[in-house]
> 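Okay, handing you the structure first.
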Protein chains: 2
Amino acid sequence: MSTSDAPTGYHHGDLKRALLEAAFEMLDAEGTDGLGLRELARKVGVSPAAPYRHFRSRQALLEAVAIEGFRRFSAMMEAKQAHTPEPRQLVAMAEAYVRFALVQPALFRLMFSQQVDKRANKALHQAAVDAYASLAKAAAREVPEAPSEGAVIAWAFVHGLSMLLLDDQLLGVSPQNSDSLIRNLAQRFVAGLRTGVAPNPQVR
Amino acid sequence: MSTSDAPTGYHHGDLKRALLEAAFEMLDAEGTDGLGLRELARKVGVSPAAPYRHFRSRQALLEAVAIEGFRRFSAMMEAKQAHTPEPRQLVAMAEAYVRFALVQPALFRLMFSQQVDKRANKALHQAAVDAYASLAKAAAREVPEAPSEGAVIAWAFVHGLSMLLLDDQLLGVSPQNSDSLIRNLAQRFVAGLRTGVAPNPQVR
DNA sequence: ACCTGAACACCGTTCAAGT
DNA sequence: ACCTGAACACCGTTCAAGT
């Protein structure tokens, strides 16, 4: 029973995939700092040196996790866009952005942390750029006179709101539950984006 | 010469202060992860166990640094407010917020990281709340119909912009230097805040 | 080709012991 | 009261050696 199905001497026949899966499981349980290569090897049932056959370093493993995180994030954002009628797209995507951060806090933090290096890792950089694209497009549509500025402002808002919520920084601000708080803020923000961001601001 | 001025057997007569000063020096040079208790002890010329006379743990030391960071941040923000005529206060403070993050990136990151625990450390929580107050007041003044929402939206924007800049996430977005980029975005954002955030948003 | 075992140079933290 | 020295239980990483 047990030995007949086992492909080789060890696990799944694919240690790299097994390590990544274990890393995702461990991430939100222990946080990024608790995600050690030794502990990961232990969990998968392999020696401390074995992961180095598949990842050059702990950082490389974290970057692989972050890339997969950005891909899931992009897929979620694009699905949200596809399932929402156009006038409400930006609000819906803003809410989805923040909710992703709240549902997978450690993964979200890792994706935007200095522990992964987007300058050195081209695949990671591309995954991050792709993740930005869908939100940016929806935001730019709301501010056709200044599309790139509108996109960055929208990104900054949703990213900042996510970070402040993750850091428990908004506890004293509102008694509402986070769902309605997020919706309320997103609607107000988008309304402001539509009406006021576009005109060229006075320099003084 | 050398022994006559030395107060006691060791440094300054105040190891706690010496450790904190060394921590601030090391922060932006090495980042928070490079800020180890042993290395700190080495730098100050003391045994690895000595810091534990003054800080219960490495985390406690980091929280002391974060508290001091929030105090400097608050002082800077209030000075900015005091030196700026009212109609331009919010834009000026938004710029100052982002610039603080860019000038002391590791300190700013530490202040808003999960490495310090605002739920467990009351002094830290208070320092963070105080830092929020001045920006929130200026933002609420711009949106009298919805002051708390306006304050949170403004905070989210400046915080998100800071984080995205620190993470090198905005590199491909604009060719401008960061000073004029920040100013441009802050002006547009505040214009939108003034004109569009206040009205009660429609639910659909 | 892929993994093990043992080692190296580190950590944070504790604790008896010194002054 | 404050600090040292030595130890404990960990890390990430390397490297010879096994199969």
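Within every chain, numbering begins at 1; the chains are lettered A, B, ... in the order of the sequence lines, protein sequences first and strands thereafter.
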> Does a side-chain N or O of B:His54 approach OP1 or OP2 of D:dC3 to a distance below 4.0 Å, or not?
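Answer yes for this pair, as a side-chain N or O of B:His54 is under 4.0 Å from OP1 or OP2.
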
> Is there side-chain contact between A:Met77 and A:Phe100, with heavy atoms separated by less than 4.5 Å?
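Sidechains of A:Phe100 and A:Met77: no contact.
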
> Does a donor on one side chain and an acceptor on the other come within less than 3.5 Å for A:Arg141 and A:Gln89?
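Note: A:Arg141 and A:Gln89 side chains meet the donor-acceptor criterion.
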
> Polar pairs (N or O, both sides) under 3.5 Å between protein and nucleotides 14-19 of chain C?
none

> To the nearest Å, how far apart are B:Arg38 CZ and D:dG5 P?
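It is 13 Å, rounded to the nearest whole Å.
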
> When you measure from the side chain of B:Leu15, which nucleotide among D:dT13, D:dC3, C:dC3 comes out closest?
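Out of D:dT13, D:dC3, C:dC3, the nucleotide with an atom closest to B:Leu15's side chain is D:dC3.
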
> Which stems, defined as runs of 3 or more consecutive Watson-Crick or G-U wobble pairs with both pairing distances under 3.5 Å, involve DNA chain C?
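Stems (3+ consecutive pairs) listed as C:4-8 with D:12-16, C:12-16 with D:4-8.
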
> With a 4.0 Å cut-off on N to O distance, would you call B:Asp168 and A:Arg119 a salt bridge?
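Between A:Arg119 and B:Asp168 there is a salt bridge, with a charged N closer than 4.0 Å to a carboxylate O.
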
> Looking at A:Glu95 and A:Arg99, is there a salt bridge between them, counting it only when a charged N and a carboxylate O are closer than 4.0 Å?
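Yes, charged N to carboxylate O under 4.0 Å.
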
> Salt bridge check: are B:Glu21 and B:Arg17 linked by an N-O gap of less than 4.0 Å?
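Result for this pair is no, no salt bridge flagged.
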
> With heavy-atom distances below 4.5 Å as the criterion, would you say the side chains of A:Leu110 and A:Val65 are in contact?
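Touching, per the 4.5 Å side-chain cut-off.
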
> Tell me whether the rings of A:Phe112 and A:Tyr97 are parallel (<30°), tilted (30 to 60°) or perpendicular (>60°).
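Tilted: the ring planes of A:Phe112 and A:Tyr97 meet at 30° to 60°.
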
> Taking atom types as modelled, find out whether B:Glu149 and A:Asn184 have a side-chain donor-acceptor pair closer than 3.5 angstrom.
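Present: a donor and an acceptor within the cut-off.
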
> Quick check on contacts: within residues 23-37 of chain B, what sits under 4.0 Å from DNA chain D by heavy-atom distance?
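Here the set is empty: none.
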
> Compute the centroid of each ring, for A:His125 and then for A:Phe70, and state whether the two points are separated by less than 6.0 Å.
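Ring centres of A:Phe70 and A:His125 not closer than 6.0 Å.
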
